[in-house]
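Just so it is clear, the structure is predicted and the values come from calculations on it, not from any experiment. Convention: sequence-line order gives letters A, B, ...; per-chain numbering from 1.
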Amino acid sequence: MNGTRNRLRHYSTASTSHFNQRILNLKHASGAAKVDDALQLFDEMLQRQPPPSIIDFSKLITLIVKIKHYSTALSLFKKINLMGIRSDLYALTVSINCHFRLNQVNYGLAVLATIFKQGHPPDLATYNTLIHGLVLADRVFEAVELFKKLLREKLCEPDQIMFGAVINGLCKVGHTSKALELLRFMEAGSCKPCVRHYSTVIDSLCKDKMVDDALQLFAKMTEKGVLASVITYNALIHGLCNFGREAEAAKMLRDMEEKGVSPGVDTFTILVNSFCKQGSVKDAELAVQAMVRRGLHPDVITYNALIDGYCLRGEIDKAKKVIDRMMEKELVPNIITYNSLLNGYCKKKRIDEARHLFQEIQDKGLIPDVFTYSTMLQGLFHSGNPAAARELFNKMQAKGQAPDIRTYHILFHGMCENGECCDALVLFRSMGNNRLMKDIGLYTILIDGCRKCGKHNFAMDLFDELILKGLKPNVRTYTVMITVLCQEGLFGKAKDLLRKMEENGCLPNSVTYNVIVQEFMKQKAFQEAEILLEEMINRGFSPDSTTFSMLLHLIPSIGQDSPMQTIIQKLTSIKGSDDRMLDSISGVIT
DNA sequence: CTAGGGTTAG
């Protein structure tokens, strides 16, 4: 009797270790066959008598979860349960995770109910899975509520992972200040924040345009002896770049290397992208050289940034050369690569080549996405073919690519640009009460579109309408509206609106002032133009080239002691002050 | 926590 049991146990252990070895082998395997191999192993395990334990099955299924085959994982759990093997807390927690990832939150919660029914209290890992899952499913509020309940009722002691999930959730929904509070709470307590927590909040602050606060937090973190990681630096470099602070970003790169943190391909890609966006592809190329010198290989994303940079400047041939360069490195251009190229053609109104490329993309087996269609739409409108554009707009929906807000911006702008503002308004009205009707950008496009079509009344009605709806006009909306009023000769109202926008917390910018000054000059309201010109200069804005040349043409016709004369003098002396921006940058990255 | 593409005022 005893001998039999021992032999059995011995046999069972041997088979388990056999499976364990194969599970371990699979763990380090990669490629497409991995799932198939795992499934085969699963079947073998299922047939084994006596069957392996739930622990062994969970090990295997966890591998399948890691490659994101959540529904497969769930079906395997179901199979073993049908075979009479009961899930333990670990297995149930993995199931919850799968349901959440599949956006089946309610099923996940049903599994939680099973956990309670089985009489095991959930452990920290279960709660972490729940909170993380709720955040992933965009149910951050519930995640935070659960977290608070756990704290309040002392159901568990939150660890760094739980704090991390909550901080991440708060940042995700834009409550960065709450995340910051939680970070302070951690600093004061026993579960101290680590780089990940700081990095999440730093990244979120940067995305909230509070780069300086992010830098402050970075300094504080360093003071506390927490070492920054590549991710921390990437967030800061990205934030700085987004606000044109490339020189500081480059300094940050230096700083990280001095501290022994190696920048990654992504770090350089951020810089490449940023240099391209602000028009300096030359610096972008230098950044690529710098990364290669460090033994890093530019990837598709890096090359795409460069290609986009060239396309934005209309240098399509150079962009194509970059594509050749990346293909030599055996990197395959993707839809994003071609979208940039398509955008290049469309912006240059090379519509035949754009159409050709659009076909070529599909011949290559790539599927045009919202970006592709939106870009092509814009090209068709821009080259004066609104009918073809409308047709494509229908086609994209038929092909299952739903237009997004930007597609609609392009559509309505395109229609108005082609004199179809009445059709645009009809279409706008027919769209019902969805998010589009509350989009201030779309209203701005329509107002300006009606203005360009000469329908000033429609423009003014739209403005009243958006105010009635409680929408907040932005600088662009006000600027367009001021133009409408000026062109109607309603100078008093235009000036009132200029004051009112400020009262509403929306400061006029350089474009606003240039537009109003130009309109006043066009209609020979020189006194008014002069006052506003003075005001704009005092606020640190300078006339654009149009305003400037209008002023120059005025010189012969105004008196020597006119105030306009002194303004012109003032202007000629500050000319040329903007040209020393980009020099410092190329020198910093070496 | 992790870099890339399409949109609106002169």
Handout entry: Contact state string [nucleotides 1-7 of chain B, B base, S sugar-phosphate only, - no protein heavy atom under 4.0 Å]
Key = B-BBBBB
Exercise for the section: Find the distance A/Ile482:CD1 to B/dG10:C1' and express it as a whole number of Å. Expected result: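 Result: 13 Å.
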Handout entry: ring-ring contact (aromatic ring centres under 6.0 Å, His included) involving A/Phe491 - partner list, sequence neighbours excluded
Key = A/Phe520
Exercise for the section: Answer with yes or no whether A/Asn474 presents, from its side chain, a donor or acceptor under 3.5 Å of a partner atom in the base of B/dA9. Expected result: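 It does not, because no donor-acceptor pair links the side chain of A/Asn474 to the base of B/dA9 below 3.5 Å.
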Handout entry: Sub-4.5 Å side-chain heavy-atom contact between A/Val292 and A/Pro298
Key =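 Yes. Closest side-chain heavy atoms under 4.5 Å.
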Exercise for the section: Return the set of residues passing salt bridge (Lys or Arg N to Asp or Glu O under 4.0 Å) with A/Lys220 (not counting sequence neighbours), or none when no residue passes. Expected result: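 With sequence neighbours excluded, A/Lys220 shows a salt bridge (Lys or Arg N to Asp or Glu O under 4.0 Å) to A/Glu187, given in chain and number order.
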Handout entry: Integer-rounded Å distance: B/dT8 P and A/Leu377 CG
Key =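 These atoms are roughly 13 Å apart.
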Exercise for the section: Would you mind classifying the nucleic acid contact of A/Val511 as base, sugar-phosphate or nothing, using non-hydrogen atoms under 4.0 angstrom? Expected result: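 Base: the residue A/Val511, judged by heavy atoms under 4.0 Å, touches a nucleobase.
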Handout entry: Residues that A/Arg350 engages under salt bridge (Lys or Arg N to Asp or Glu O under 4.0 Å), provided they are two or more places apart
Key = A/Glu353
For residues 200-208 of chain A, tabulate all N or O donor-acceptor pairs below 3.5 Å that involve a side-chain atom, not counting sequence neighbours.
residue, atom, partner, partner atom, Å
A/Thr200, OG1, A/Arg196, O, 2.8
A/Asp203, OD1, A/Lys207, NZ, 3.2
A/Asp203, OD2, A/Lys207, NZ, 2.8
A/Ser204, OG, A/Thr176, OG1, 2.8
A/Asp208, OD2, A/Thr176, OG1, 2.5

Handout entry: For A/Arg390, salt bridge (Lys or Arg N to Asp or Glu O under 4.0 Å) partners two or more places apart
Key = none
Exercise for the section: Nearest whole angstrom, please: distance from the P of B/dA9 to the CD of A/Gln487. Expected result: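 A/Gln487 atom CD is separated from B/dA9 atom P by 14 Å.
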Practice task
May I ask you to evaluate whether A/Arg451 reaches the phosphate of B/dG10, defined as a side-chain N or O under 4.0 Å from OP1 or OP2?
Solution key: yes
